[in-house]
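Excluded from the calculations below are hydrogen atoms, water molecules and symmetry mates; all remaining heavy atoms, backbone and side chain alike, are included. Note on naming: letters A, B, ... go to the chains in the order of the sequence lines (proteins, then strands), and numbering restarts at 1 for each one.
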There are 2 protein chains.
Amino acid sequence: MSSGKTITDVARLAGVSKSTVSRVLNNNLQYIRPETIEQVRHAIKELNYQPSSVARSLVSKRTLAVGLLISDVGNPYYSEVIRGVEDIALVKDYNIFLCNTSYDHARGLKFIQSLANKQVDGILLMSSSISNEWITELERFHTPVVALDWYPSQPVDGEVGLITVDFETGIRQAVDHLFKLGHRRFAHISGPLHLETSRIRQQIFLSALGGYGISAESVLTLEANLRLDGGRGVLERMALSPVQPTAIFAANDLTAIGFIWAAQQCGLRVPEDISVIGLDDIQLAEEILPPLTTVSMPRNEIGKIAMEMLLEIIENKSPINGVKHNAHIVTSLIIRKSTGVAPVDPGRWDLRRSQIAVN
Amino acid sequence: MSSGKTITDVARLAGVSKSTVSRVLNNNLQYIRPETIEQVRHAIKELNYQPSSVARSLVSKRTLAVGLLISDVGNPYYSEVIRGVEDIALVKDYNIFLCNTSYDHARGLKFIQSLANKQVDGILLMSSSISNEWITELERFHTPVVALDWYPSQPVDGEVGLITVDFETGIRQAVDHLFKLGHRRFAHISGPLHLETSRIRQQIFLSALGGYGISAESVLTLEANLRLDGGRGVLERMALSPVQPTAIFAANDLTAIGFIWAAQQCGLRVPEDISVIGLDDIQLAEEILPPLTTVSMPRNEIGKIAMEMLLEIIENKSPINGVKHNAHIVTSLIIRKSTGVAPVDPGRWDLRRSQIAVN
DNA sequence: CTGAAAGCGCTAACAT
DNA sequence: ATGTTAGCGCTTTCAG
């Protein structure tokens, strides 16, 4: 572990008491003679001394560590969030325990327990699904929590901060955009409907469409898995539908991109034959062809805000109690090239296998 | 932090001493009366007691935490490595401090120091560039280290494990493959040449080509940044070259994919006009069209092996000293659809802008 | 079989 | 301006 030297070694070498060393360590220099300070500092250098943060934590009750639960680092959606969190953490001297739940509640619970056990100062819950059981567990330990996009079924106490995402604004913009382009036949590729956020996105999309007189029944909705292959897999099902959409809203960018690739491979042109809108604005979205029109979440900002809120809760823990910590993140439409005017005579799709075989 | 209850509370409730509680906590049950064990266990449940791992660490000198330094979580290359590390860590009750160096040595050093200061049991160095300064710092603290793909300039002590990647095998297979397909004019898109691994990959590629009588001078080599936009940016420079390649080996998959997209956009067909091989085998590689032929690194396995090696070093720290910890990872070619027979009469490229404008 | 006591490395009153 | 003392919560001899 540490370099082996303790505060006692420093005290001895400097010819002072541990308290004095501790004082200079913590910059309580107000009543110490300058030359004493120098002696201590010199001894510290000499011995290459580093205070043990474990011992410090034992008395301070602070570990300067937080846990970050996400579903899967492999999902590009999370990388910018992580960076946002890390950037704030770094300046505040905090470190981050990264935990991939792998969309598995049990695995998540294991992490929660090991983090609580390690006495992290707080936990950021950013996985796509957040279990009530986790929260219960964390409340037992009075561990401060900030949760992203989670809608508690029962009220939670002051130690839980909530970050909610206003999908409504962005999704409505998407619908407006499509409508202006002349689209009237829509489809939605949702995420797994057992996830609350999947249901919310779908519902907002349908209700926005309702505002234009499009009934929910008339829009084709298909469920996918929020990954590339999910979006890809949906095309065939959609081709079989009696009436085919000219515009598609996907629950996230990966789904949208997977769908676009499948469509292109089958000879459908985007956006000439079909317009596609995603959600997230992952980096890949602007790098594919055509660049994806998408509802953007400011992910880096989400990370930053979440970490700041968590620190806030940690610092004001006992004082403010019952105060609600909340932040609302607004989404907005980024118009790129995957959306265009609706085809005049859509007709049925003429899917031909591309000459490029699938692997 | 913790639920507030201490071992003393448990001892009192159970009507035993702290030592006894400690014994059942650590499963030293050999000399304890079964009914005593039960009393203690009952008290633990009753109080919802969790031992403080901070206090434990203070005496055990173990924190059950390790640091993982990578360049950038946003790089899909790392996500599987992280998962590999995490999977091993989870079963051993370790947690992982994730640190993004952002390709910045100074930032890396800050992390190293804060990790050493937090007394992590070990550190995994997996960033694309590893600074000697970091190692020096870590040796000061006797922190066990496992470094990926790093070639120390001076010998290091027994607390540093090395994981080396045999790029040779995979890259030679790639060259063989291209040669068999009839290619004779090659190009290489390297990573930044100040990175040792970039130079190594380039050199292996050139020397393998040399084995077929192709001189290094005759192969067009261009430097890029290992990201999508880097690969994309290279196309124009390549188009200006007097003699154009029919086969390209890129330093990593992102570069290869960026290049392919740029090529397709300009009307070049892959693999009919040009064959492209990447390196890494990131998930995206098999999901694009055409699926990418690539030299695969078993990234998940690398993560697992690295973490296992680190634990090994941690556990045998004092006993074995001077023993070298080493692992060698072999790469191999995954043939997909981005490589094909060389065009009969290559001619010069006829780059036309695709109808789809770039954003 | 169980308890008492000392100590891990540090901080924080309380003295002086 | 600095030293003394008493813990923080746990483990670990050493006694009994």
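In this structure, B/E133 places its CD atom where only 12 or fewer heavy-atom neighbours from other residues, nucleotides or ligands lie under 6.0 Å away.
B/V16 comes within 4.0 angstrom of sugar-phosphate atoms only, judged by non-hydrogen atoms across all strands, and of no base. Using a 4.0 Å heavy-atom cutoff across all strands shown, B/T20 reaches sugar-phosphate atoms only and no base atom. Backbone-only engagement by A/T6 is indicated by non-hydrogen atom pairs under 4.0 Å involving sugar-phosphate atoms exclusively. The residue B/I32 sits close only to the backbone: its heavy atoms come under 4.0 Å of sugar-phosphate atoms, none of a base. Contacts of A/S60 with the nucleic acid, taken as non-hydrogen atoms under 4.0 Å apart, are absent.
Put simply, the side chain of A/Y94 does not reach to within 4.5 Å of the side chain of A/I88, judged on heavy atoms.
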In residues 7-19 of chain B, what donor-acceptor pairs under 3.5 Å come from side-chain atoms, sequence neighbours left out?
unit_1 : atom_1 : unit_2 : atom_2 : d
B/D9   : OD1    : B/R12  : NH2    : 3.0
B/D9   : OD2    : B/T6   : N      : 2.7
B/S17  : OG     : B/S19  : N      : 3.4
B/S17  : OG     : B/T20  : N      : 3.4
B/S17  : OG     : B/T20  : OG1    : 3.4

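OP1 or OP2 of D/dT2 lies within a sub-4.0 Å distance of a side-chain N or O belonging to A/R33. Contact annotation: B/S52 side-chain N/O to D/dG9 OP1/OP2 distance is not under 4.0 Å.
Between A/T143 and A/G122, the shortest heavy-atom contact is CG2-CA, 3.9 Å.
Using a cut-off of 4.0 Å between Lys/Arg side-chain N and Asp/Glu carboxylate O, B/D72 and A/R83 are scored as salt-bridged. Salt bridge B/R140/B/E137: present, at least one basic N to carboxylate O contact under 4.0 Å.
One interatomic measurement links the two molecules: CG of B/L58 to P of D/dC8, which rounds to 13 Å at whole-angstrom precision. Rounded to whole angstrom, the span from the CD1 atom of A/I7 across to the P atom of D/dT5 amounts to 17 Å. Rounded to whole angstrom, the span from the CZ atom of B/R56 across to the P atom of D/dT12 amounts to 10 Å. Between A/N117 atom CG and D/dG9 atom P the separation is 15 Å, expressed in whole Å. Counting to the nearest Å, the C1' atom of D/dT13 and the OH atom of B/Y31 are 14 Å from each other. With rounding to whole Å, B/I44 atom CD1 is found 10 Å from D/dC10 atom P. Between B/N28 atom CG and D/dC10 atom C1' the separation is 14 Å, expressed in whole Å.
Mapping heavy-atom proximity under 4.0 Å, the span of DNA chain C touched by chain B runs 5' to 3' from C/dC1 to C/dG9.
Both B/V59 and B/I37 lie close to DNA chain C; mapped to their nearest nucleotides by heavy-atom distance, the more 5′-ward contact belongs to B/I37. DNA chain D is contacted by both A/Q30 and A/K18; A/Q30 maps to the nucleotide lying nearer its 5′ end (nearest heavy atom per residue).
B/R107 places a side-chain N or O within donor-acceptor distance of the main-chain N or O of B/N100, the cut-off being under 3.5 Å.
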